[in-house]
Amino acid sequence: MAKTIIFGHKNPDTDAICSAIGYANLKQQLGMDVEPARLGAVSKETQYALDYFAAKAPALIEEVEPGTNVILVDHNEFQQSVANIKDARITEVVDHHRISNFETSEPLYFRAEPVGCTATILNKMYKENAVAVPKQIAGLLLSAIISDSLLLKSPTCTQEDIDAAHELAKIAEVDVHTYGLDMLKAGADLGDKSISELITMDAKEFSMGGAKVEIAQVNAVDTEQIYAMQAEIEAEISNIIKEKNLDLFLFVVTDILNNDSEVLAVGSGKAKVENAFKVELDQRSRALLKGVVSRKKQIVTALTNAYEK
């Protein structure tokens with residue numbers, strides 16, 4: 001049987017890459033022929049985790065051979081997946097996001113749980129299969145949970161995530177908070193990023209009530225340092241809106257120290273942002289969203305509701 005490829009979403013974050021590696025390891029230990037892959041560049045945050053636990057990044061792919069068996073982790077929406085996902089044979093999905101724009105011609109194993117991170121589900125799957133989590137993999141899965149939960153502070157973070165993080169940290173022999181803060185700070189160092197990289201390094205496209213919305217999110221310790229380049233950022237976003245025919249592009253800069261986000265809205269859907277979050281965009285098309293850090297639970301949910309009213 002041909003090798004199965006496991007990958008997360010485009011513009012991969014730490015969960016997308018580390019969960020692909022983690023699930024591939026579990027499958028391999030169970031005697032299956034699989035390999036992890038990635039659909040984009042490795043961020044500084046993810047590279048910090050890979051380096052710390054002496055792991056290699058999965059191979060970069062843009063397409064798969066038609067008929068290839070694939071397993072999706074940390075996503076299920078086709079617009080977030082490999083370019084020719086409809087040509088692949090999806091055999092499994094392990095995810096923690098909403099289910100949308102997804103269909104297959106054959107039955108499959110689909111596991112989606114309302115937890116803060118795909119890695120939390122994978123930690124359970126190791127136990128269910130009576131397979132010990134190796135130290136290196138424990139560190140990578142822990143890194144994914146820290147990333148997705150902003151060091152266990154995000155509203156998406158559940159008790160399951162917290163328990164899994166401490167359990168994995170013990171195996172990985174690190175302190176959750178010391179290691180986690182160092183990793184997040186490494187990811188928040190954006191000084192060498194181009195404008196294009198800033199707005200695409202963690203961007204996802206969504207369908208909302210017939211509208212096309214793209215939401216890009218970056219973590220920072222100084223949001224004003226990012227927005228000092230607003231004119232250049234807006235110009236680049238406008239190009240993406242034209243290219244993809246988007247109704248709205250929301251650029252989210254999340255302060256990892258204060259757990260707030262300042263957003264920049266560009267496109268015809270600005271009013272939807274105001275309605276969704278009960279805020280007024282200032283003359284710079286920006287607004288501070290107090291306590292908002294989660295794209296999945298706080299931003300996508302609120303915007304989807306606004307578009308569907």
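Note that the numbering runs from 1 along the sequence shown for the chain.
Residues satisfying the side chain to side chain donor-acceptor pair (under 3.5 Å) criterion with Thr158, sequence neighbours excluded, are Asp161. A search for side-chain contact (heavy atoms from CB on, under 4.5 Å) contacts involving Ser261 returns Val252, Thr254, not counting sequence neighbours. Remark: Asp51 engages no residue in a salt bridge (charged side-chain N to carboxylate O under 4.0 Å, His left out) (not counting sequence neighbours). Applying the ring pair (Phe, Tyr, Trp, His ring centres under 6.0 Å) rule to Tyr52 yields the partners Tyr179; only residues at least two apart in sequence or on another chain are considered. The side chain to side chain donor-acceptor pair (under 3.5 Å) search around Lys153 returns none, not counting sequence neighbours. Applying the side chain to side chain donor-acceptor pair (under 3.5 Å) rule to Ser238 yields no partners; only residues at least two apart in sequence or on another chain are considered. Asp87 meets the salt bridge (charged side-chain N to carboxylate O under 4.0 Å, His left out) test with no other residue; sequence neighbours excluded. For the salt bridge (charged side-chain N to carboxylate O under 4.0 Å, His left out) test, residues two or more places apart in sequence or in another chain that qualify with Arg286 are Glu224, Glu262.
Annotation: side chain of Leu39 is in contact with side chain of Ile61 (closest heavy-atom distance under 4.5 Å). Residues Tyr109 and Ile71 fail the side-chain proximity criterion, which asks for heavy atoms closer than 4.5 Å. At a threshold of 4.5 Å between non-hydrogen side-chain atoms, the residues Asp260 and Leu289 do not count as touching. For the pair Phe251 and Ile233, the minimum side-chain heavy-atom distance is below 4.5 Å. Using a 4.5 Å heavy-atom threshold, the side chains of Asn76 and Ile90 count as separate.
Pairs of residues two or more places apart, or lying in two chains, never qualify as salt bridge (Lys or Arg N to Asp or Glu O under 4.0 Å) while including a residue from residues 13-23. For the salt bridge (Lys or Arg N to Asp or Glu O under 4.0 Å) condition, the pairs that include at least one residue of residues 190-208, sequence neighbours left out, are Lys44-Asp192, Asp202-Arg295, Glu205-Lys212. Residue pairs meeting the salt bridge (Lys or Arg N to Asp or Glu O under 4.0 Å) criterion with at least one partner in residues 229-257, sequence neighbours excluded, are Glu214-Lys244.
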Should Thr46 and Thr14 be marked as a side chain to side chain donor-acceptor pair (under 3.5 Å) after you check the CA-CA gap, both sets of side-chain angles, and the distance that decides it?
CA-CA 5 Å; Thr46 307; Thr14 301; 2.9 Å; yes

Set out, in order, the CA-CA distance, both residues' side-chain angles and the distance that settles side chain to side chain donor-acceptor pair (under 3.5 Å) for His96 and Thr120, then state yes or no.
CA-CA 9 Å; His96 69 122; Thr120 299; over 6 Å; no

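Distance alone, capped at 3.5 Å, places no donor-acceptor pair between the Ser154 side chain and the Ser294 backbone. Side-chain N or O atoms of Glu45 include none that pairs as donor or acceptor with a backbone N or O of Ser143 at under 3.5 Å. With hydrogens and angles disregarded, no donor-acceptor distance shorter than 3.5 Å links the side chain of Asn219 to the backbone of Ile256. Judged by distance alone, with hydrogens and angles left aside, the side-chain atoms of Tyr48 form no donor-acceptor pair with the main-chain N or O of Lys185 at under 3.5 Å. With hydrogens and angles disregarded, no donor-acceptor distance shorter than 3.5 Å links the side chain of His177 to the backbone of Asp175. No donor-acceptor pair under 3.5 Å is formed between the side chain of Asp74 and the backbone N or O of Thr118. Between the Thr68 side chain and the Val64 main chain, no donor and acceptor come within less than 3.5 Å of each other. A donor-acceptor contact shorter than 3.5 Å links the side chain of Lys278 to the backbone of Asn275. Listed for the Arg38 side chain is a donor-acceptor partner under 3.5 Å among the backbone atoms of Pro58. Not a single donor-acceptor pair under 3.5 Å links the side chain of Gln298 to the backbone N or O of Pro155.
Salt-bridge annotation for Arg111 and Glu128: present, with a side-chain N of the basic residue lying under 4.0 Å from a carboxylate O of the acidic one. In summary, Glu92 and Lys27 engage in a salt bridge, as defined by a charged side-chain N under 4.0 Å from a carboxylate O. Ion pairing between a basic and an acidic side chain is recognised when a charged N comes within 4.0 Å of a carboxylate O; Glu160 and Lys124 show such pairing.
Follow the hydrophobic side-chain contacts under 4.5 Å out from Val133 and you reach Tyr23 in the same cluster.
For Lys170, the NZ atom sits in a loose shell: 12 or fewer heavy atoms of surrounding residues, nucleotides or ligands are nearer than 6.0 Å. The local environment of CD in Gln225 is sparse, with at most 12 non-hydrogen atoms from other residues, nucleotides or ligands closer than 6.0 Å. The 12-atom threshold is exceeded at CD of Gln159, counting heavy atoms of other residues, nucleotides or ligands nearer than 6.0 Å. Other residues, nucleotides and ligands contribute more than 12 heavy atoms inside 6.0 Å of the CD atom of Glu308.
In the hydrophobic clustering (ILVMFWY side chains linked at under 4.5 Å, chained through shared members), Leu288 stands by itself.
Of the residues listed (Asn69, Thr104, Thr4), the one engaging Arg89 in a side-chain hydrogen bond (donor to acceptor under 3.5 Å, both in side chains) is Asn69, and it is the only one.
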